[in-house]
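Note sheet for the following structure.
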There are 2 protein chains.
Amino acid sequence: MTVTIKDVAKVANVSYSTVSKALNNSPLVKEATKKKVLKVAKELGYEPNLAAKQLVSKRTEVIGLVWPTIERIVLATLVTNISNAFKQTPYSMILSVDTPETAMETFRKFSVDGIIAFAESDLPLESFANIPVVNYGVYKQGDVSYPTIDANHEKAIELAVDHLHRQGHKHIVYAGLLDTTDPLQIEKVESYRKAMKKFSIENCIHEVDTKGLDWQDGYHAVDKILQSDPIPTAIIGGSYDISGGIVRALQEREISIPEEMSIVSYDNIPQMETMEVPMTCVGVPVNELAKEIVSSIIDLIEEKEEDAWIKKLTPVLTVRESTAFNK
Amino acid sequence: MTVTIKDVAKVANVSYSTVSKALNNSPLVKEATKKKVLKVAKELGYEPNLAAKQLVSKRTEVIGLVWPTIERIVLATLVTNISNAFKQTPYSMILSVDTPETAMETFRKFSVDGIIAFAESDLPLESFANIPVVNYGVYKQGDVSYPTIDANHEKAIELAVDHLHRQGHKHIVYAGLLDTTDPLQIEKVESYRKAMKKFSIENCIHEVDTKGLDWQDGYHAVDKILQSDPIPTAIIGGSYDISGGIVRALQEREISIPEEMSIVSYDNIPQMETMEVPMTCVGVPVNELAKEIVSSIIDLIEEKEEDAWIKKLTPVLTVRESTAFNK
DNA sequence: AAAATAATTGCAAGCGTTATCAAAAAAAGG
DNA sequence: CCTTTTTTTGATAACGCTTGCAATTATTTT
């Protein structure tokens with residue numbers, strides 16, 4: 001039937017406690033035996049019994065990810081990247097698409113060692129009874145009740161403006177969600193203004209409210225952009241989807257990208273590369289974000305730091321084919 | 001610390017094996033003691049230790065759901081509905097967004113009792129070593145290697161045509177993905193043709209290829225629809241997203257729904273109700289789909305049927321405000 | 001080469017449950 | 001009132017694993 005530690009022990013000709021230690025890479029067992037055990041284990045197709053492990057060690061090496069809503073593709077991509085990042089570790093991840101409350105119940109049932117949450121999800125703080133949590137994104141400006149990972153949004157937008165400015169653009173419009181209380185969206189526009197000032201083109205500041213973050217929101221924002229005077233030569237799209245909509249709308253009007261219009265998108269996900277026009281974008285690459293989140297939660301579990309902190313990751317500019325010199 | 005069965009035993013003044021039986025509602029313990037034990041357990045806030053339970057009973061009461069890609073909202077809604085449906089049962093669900101191969105690994109690690117998969121995911125058949133699987137949707141026409149749940153698509157489309165036909169529509173256009181090998185999409189158009197024939201309006205058969213299943217695909221199909229002669233009075237949208245795009249495009253052209261154009265959408269998800277125009281739709285309601293999937297996998301686990309079968313669920317027509325009599 | 005020290009290995013005690021079966025208590029029968 | 005039968009309870013052995021600690025073996029020291 002199922003291969004246990006004892007079966008491995010028998011074949012490897014050592015005691016089963018040695019097998020256990022070998023499998024856990026304990027320094028108390030000789031390298032040679034460790035190798036032998038590992039080889040036998042593999043041959044027999046040994047798989048550790050999680051329940052037994054958990055029962056004695058009180059740890060599960062399982063981390064729960066609360067993902068209450070099927071949201072924008074950026075988050076979806078982040079989730080898959082996080083899931084991937086765990087493959088390099090002894091931990092596994094389970095996902096709950098329930099409300100935070102029921103997710104917490106499930107996670108307690110599984111006795112997960114740690115939890116990853118997104119700012120969007122509004123966690124029931126009380127129910128965490130000393131189980132480590134890492135949060136992605138901030139709830140409100142300045143609020144850091146948990147260890148929090150976030151991108152340096154200000155820097156990201158500055159990177160976008162800088163890039164366009166170097167290419168000779170002055171009339172750079174920011175197309176994003178403006179009329180909102182979402183701190184992230186607010187920070188992005190404000191950063192845009194700041195950056196325009198920094199490069200002394202604040203007289204060209206020009207913002208278009210997309211009213212949302214989706215494809216159609218970008219698509220419909222193009223009308224407004226093209227009606228302005230002077231017509232901008234470059235656009236900063238506030239999200240992956242917004243930029244996608246903008247590109248399509250421009251193409252339909254036969255305005256060529258990047259010859260007649262440059263566009264830089266916020267968000268840095270692999271999908272940017274495979275868009276109709278490979279997109280120049282700014283943001284923390286989603287795989288880095290994922291790696292950081294994963295290593296943070298593991299550190300937290302293994303070192304049990306207590307404080308809430310915030311870590312702002314440095315974004316990068318990825319230049320592709322949607323931007324060019326302004327002639 | 002954590003309250004165990006032994007703590008309960010001590011307080012209730014019985015042996016801990018009696019407590020175990022009482023908690024599992026065994027007929028071998030007296031009603032009176034059962035009540036007493038349950039009361040004490042509650043008072044002490046006893047929570048059963050899943051790991052210990054698993055270790056001895058060999059069952060985890062956990063079911064894995066393979067969801068490799070973040071796909072159309074219909075699937076996302078189905079996933080959350082399935083997750084909800086499990087709440088009525090002793091089982092819990094874990095989700096893997098990995099490739100089917102790695103998902104299987106994770107599931108093996110957790111020793112899930114069963115697996116739910118979507119036809120889209122192309123499972124590695126070999127790796128299932130007698131763990132029950134339920135599949136949603138069919139891979140290819142007629143292929144049922146697993147117990148499979150699916151909607152009766154033919155019936156659904158017929159329902160749509162019937163509804164429109166009763167309202168006096170003849171020029172009913174089907175807007176969906178036509179140029180594809182996806183058996184589901186093919187079945188839908190063919191069902192459309194069949195239904196049109198059934199109601200003797202096959203001379204009005206009119207299909208528009210959306211080239212995809214997304215919002216923008218629907219949006220752009222409207223041009224083609226409006227260029228035809230005669231202009232149809234009703235549209236069957238091939239998916240939730242397609243229909244959404246169609247509605248928006250019609251509204252932009254100030255063609256009022258349902259006065260000037262009726263539209264029935266394929267897919268029956270709650271979001272249909274909250275669209276810009278509450279949408280008349282056909283399909284198996286997702287919550288029913290979810291319930292059926294959940295009860296099937298549980299039956300399979302508990303009764304261990306061996307055969308592959310396919311269960312076609314009966315779709316329903318949900319009439320809302322996107323359809324009206326043709327005048 | 002013997003003694004001391006260090007590096008490995010093995011033993012055995014749990015972890016919190018369930019499940020089997022023997023023991024005890026209660027009920028029934030003679 | 002003592003057997004016999006039935007109902008109820010309680011020991012106890014797994015389940016597969018980790019983990020101190022004791023036992024063994026290998027390596028230094030003297």
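All figures in this text were calculated on a predicted structure; none of them were measured in a lab. Computed over heavy atoms, backbone and side chain alike; hydrogens, waters and symmetry mates excluded. Each chain gets a letter, A, B and so on, in the order the sequences are listed, and its residues count up from 1.
Within a 6.0 Å radius of NZ in A:Lys34, other residues, nucleotides and ligands contribute more than 12 heavy atoms. Within 6.0 Å of the NZ atom in A:Lys291, the count of heavy atoms belonging to other residues, nucleotides or ligands does not exceed 12. Other residues, nucleotides and ligands contribute more than 12 heavy atoms inside 6.0 Å of the NZ atom of A:Lys36.
Residues from residues 53-63 of chain A lying near DNA chain C, meaning a heavy-atom separation below 4.0 Å, are A:Leu55, A:Val56, A:Lys58 in numerical order. Within residues 11-39 of chain B, the residues having any heavy atom under 4.0 Å from DNA chain C are, by residue number, B:Tyr16, B:Ser17, B:Ser20, B:Lys21, B:Asn24.
Residues forming a side chain to side chain contact (heavy atoms under 4.5 Å, CB included) with A:Asn49 (at least two apart in sequence, or on another chain): A:Ala51, A:Ala52, B:Leu55. For the side chain to side chain donor-acceptor pair (under 3.5 Å) test, no residue two or more places apart in sequence or in another chain qualifies with B:Glu288. A:Ser17 meets the side chain to side chain contact (heavy atoms under 4.5 Å, CB included) test with A:Ser15, A:Lys21; sequence neighbours excluded. With sequence neighbours excluded, no residue satisfies side chain to side chain contact (heavy atoms under 4.5 Å, CB included) with A:Lys10. Every residue two or more places apart in sequence or in another chain was checked for a side chain to side chain donor-acceptor pair (under 3.5 Å) with B:Lys6, and none qualifies. Taking A:Thr60 as the reference, A:Gln54, A:Val62, A:Ser111, A:Asp113 meet the side chain to side chain contact (heavy atoms under 4.5 Å, CB included) condition, with sequence neighbours excluded. Residues satisfying the side chain to side chain donor-acceptor pair (under 3.5 Å) test with B:Glu105, not counting sequence neighbours, are none.
Listed for the A:Ser57 side chain is a donor-acceptor partner under 3.5 Å among the backbone atoms of A:Lys53.
Direction change of the helix axis from one end of the helix from C:dA1-D:dT30 to C:dG30-D:dC1 to the other is 50°, with five pairs defining each end axis (rounded to 10°).
First and last contacting nucleotides of DNA chain C toward chain A (any atom under 4.0 angstrom from a heavy atom, 5' to 3' order): C:dT8 to C:dG16. Chain B approaches DNA chain D over the interval D:dT8 to D:dG16, counting the first and last nucleotide 5' to 3' with an atom under 4.0 Å from its heavy atoms.
Ion pairing of A:Glu47 with B:Lys109 is absent here, as no side-chain N (NZ or NE/NH1/NH2) approaches a carboxylate O to less than 4.0 Å.
For the residue pair A:Thr102/A:Thr99, the side-chain donor-acceptor check at 3.5 Å is satisfied. A donor-acceptor contact under 3.5 angstrom links the side chains of A:Ser83 and B:Asp98, judged on distance only. Side chains of A:Gln271 and A:Thr77: a donor-acceptor N/O pair is present below 3.5 angstrom, by distance only.
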